[in-house]
2 protein chains.
Amino acid sequence: MKRNTWQREAVKSALDAQEAFVSAQQLHATLRDDGTAIGLATVYRALSDLAAAGGADSLQSAEGEALYRACTPGQHHHHLICRNCGVTVEIEATHVEQWAKSIATEHGFTQPEHVVDVFGLCPECTALSAG
Amino acid sequence: MKRNTWQREAVKSALDAQEAFVSAQQLHATLRDDGTAIGLATVYRALSDLAAAGGADSLQSAEGEALYRACTPGQHHHHLICRNCGVTVEIEATHVEQWAKSIATEHGFTQPEHVVDVFGLCPECTALSAG
DNA sequence: CGTCTTATTGATAATGATTGTCAACATCAG
DNA sequence: CTGATGTTGACAATCATTATCAATAAGACG
Ligand SMILES: [Zn+2]
Ligand SMILES: [Zn+2]
Ligand SMILES: [Zn+2]
Ligand SMILES: [Zn+2]
């Protein structure tokens, strides 16, 4: 049976406070800086559970790090992510969903899943890099 | 100046011989099994260079491993990949290209790039898992 | 409230892919 | 051929993530 611990709550609200995708390491550092003594392994476990339960989205950075972000549960969506500051916008991709399904079926593939992410420079980072 | 070595050639043709995405480790093992004595670090370097030069596609497995596959240079495309055996089909995604560009522009993001991959079970693996 | 079962924690070790190091080596222009 | 230097490969180092496991604490039950 699953128990409620302040650790899991702490991770959840620390994640809610982020507006960008963050790694387990970063979130752990943030928690520690805020005076929350919590184990690194616990943060990993909490994030993993959150993602599995649909309470968080996860993706891999270009370097292979696992990044997490709070999201509205039950809503399938994708992300537009600033590759400089990490700020993230949730986006709908209805056409892409259907395209992915049909392209898989066309080739006889079953149980299709898809990875769809768009990376770019957000307006602010664009302005900075142009300066 | 860049020099030609048999090692780089060996990696390139070993990659050409694969019909699925493979990791550097796997390719190194294959080469060794074929009697080609080559260093692991060299395989990593060769694959990295190949991908940078556009001679190979790369993606990250769900476990975060970097996987490579030979591809036709200059051709932007995406992949439909069997999550069981790794067999891969190159797919066009014209609509998705445009969607990615416009969704980025809509939100003021510049220099958009995108990660689009479809995973599923290939016909053969579907048959096996159904048995 | 006290007790008991057991899920959870967290310090630490272990894992495993990838990268850095650097002396020995091989390529190729001259 | 020969020298300058790009490349190799064995090995160590990194670094994110996972496994261990004794100690802890949640919460069901009486
Ligand atoms: Zn930004
Ligand atoms: Zn989708
Ligand atoms: Zn398959
Ligand atoms: Zn594309």
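Within every chain, numbering begins at 1; the chains are lettered A, B, ... in the order of the sequence lines, protein sequences first and strands thereafter. Side chains included, hydrogens not; waters and symmetry mates left out as well; all remaining heavy atoms used. Treat the numbers as computed from the prediction; the structure is a model and nothing was measured.
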Residues of residues 42-54 of chain B with any non-hydrogen atom less than 4.0 angstrom from an atom of DNA chain C: list those, numerically ordered, please. B:Y44, B:R45
Can you list every pair that meets side-chain hydrogen bond (donor to acceptor under 3.5 Å, both in side chains) and has a residue in residues 29-38 of chain B, with sequence neighbours left out? none
Nearest heavy-atom pair of [X] and [Y]: which atoms, and what distance?
X      : Y      : value
A:V43  : A:A24  : CG1-O, 3.7 Å
B:C85  : B:C122 : SG-SG, 3.8 Å
A:C125 : A:N84  : SG-OD1, 3.1 Å

Co-members of the apolar cluster containing B:L40 [side chain, <4.5 Å]: B:Y44
Please report the interatomic distance CD(B:Q60) to OG(B:S23), rounded to the nearest 0.5 Å. 13.0 Å
As an exercise, state the distance from OG1 of B:T88 to CG of B:L59, rounded to the nearest 0.5 Å. 7.5 Å
Nt span of DNA chain C in reach of chain B heavy atoms at under 4.0 Å, 5' end first, is C:dA17 to C:dA29
If you walk 5' to 3' along DNA chain D, what is the first nucleotide with an atom under 4.0 Å of a heavy atom in chain A, and what is the last? D:dA16 to D:dA28
Which atom pairs, one a donor and one an acceptor, fall under 3.5 Å between side chains of residues 102-116 of chain B and the rest of the protein, sequence neighbours left out?
{"from": "B:S102", "atom 1": "OG", "to": "B:Q98", "atom 2": "O", "distance (Å)": "3.0"}
{"from": "B:S102", "atom 1": "OG", "to": "B:W99", "atom 2": "O", "distance (Å)": "3.1"}
{"from": "B:T105", "atom 1": "OG1", "to": "B:K101", "atom 2": "O", "distance (Å)": "2.9"}
{"from": "B:H107", "atom 1": "ND1", "to": "B:I103", "atom 2": "O", "distance (Å)": "3.0"}
{"from": "B:T110", "atom 1": "OG1", "to": "A:T126", "atom 2": "OG1", "distance (Å)": "2.8"}
{"from": "B:E113", "atom 1": "OE2", "to": "A:R83", "atom 2": "NH2", "distance (Å)": "3.4"}
{"from": "B:H114", "atom 1": "NE2", "to": "B:H76", "atom 2": "NE2", "distance (Å)": "3.2"}
{"from": "B:H114", "atom 1": "NE2", "to": "B:H78", "atom 2": "NE2", "distance (Å)": "3.2"}
{"from": "B:H114", "atom 1": "NE2", "to": "B:E97", "atom 2": "OE1", "distance (Å)": "2.8"}

Does B:A41 or B:M1 map to a spot on DNA chain D nearer the 5' end, using the closest nucleotide for each? B:M1
Are A:I81 and A:V118 side-chain neighbours, meaning at least one heavy-atom pair lies under 4.5 Å? no
Would a 4.5 Å heavy-atom cut-off, applied to side chains only, mark B:V22 and B:L67 as touching? no
Which residues pass the side-chain contact (heavy atoms from CB on, under 4.5 Å) test with B:A66, sequence neighbours left out? B:Y68
Tell me, please, which residues at least two apart from B:A41 pass side-chain contact (heavy atoms from CB on, under 4.5 Å). B:R45
Let me check the geometry of the helix from C:dC1-D:dG30 to C:dG30-D:dC1. What is the bend angle between the axes at its two ends, five pairs each, to 10°? 30°
By nearest nucleotide on DNA chain C, pick out whichever of B:A24 and A:I38 is the more 5' one. A:I38
Ring pair (Phe, Tyr, Trp, His ring centres under 6.0 Å) with A:H77: which residues, sequence neighbours excluded? A:H79
Holding to ring pair (Phe, Tyr, Trp, His ring centres under 6.0 Å), I want the full list of residues that pass it with B:H28, two or more places apart in sequence or in another chain. none
Sorted by number, the residues of residues 3-22 of chain B with heavy-atom contact under 4.0 Å to DNA chain D: B:R3, B:T5, B:Q7, B:R8
In this structure, are over 12 heavy atoms from other groups packed under 6.0 Å from A:E90 atom CD? yes
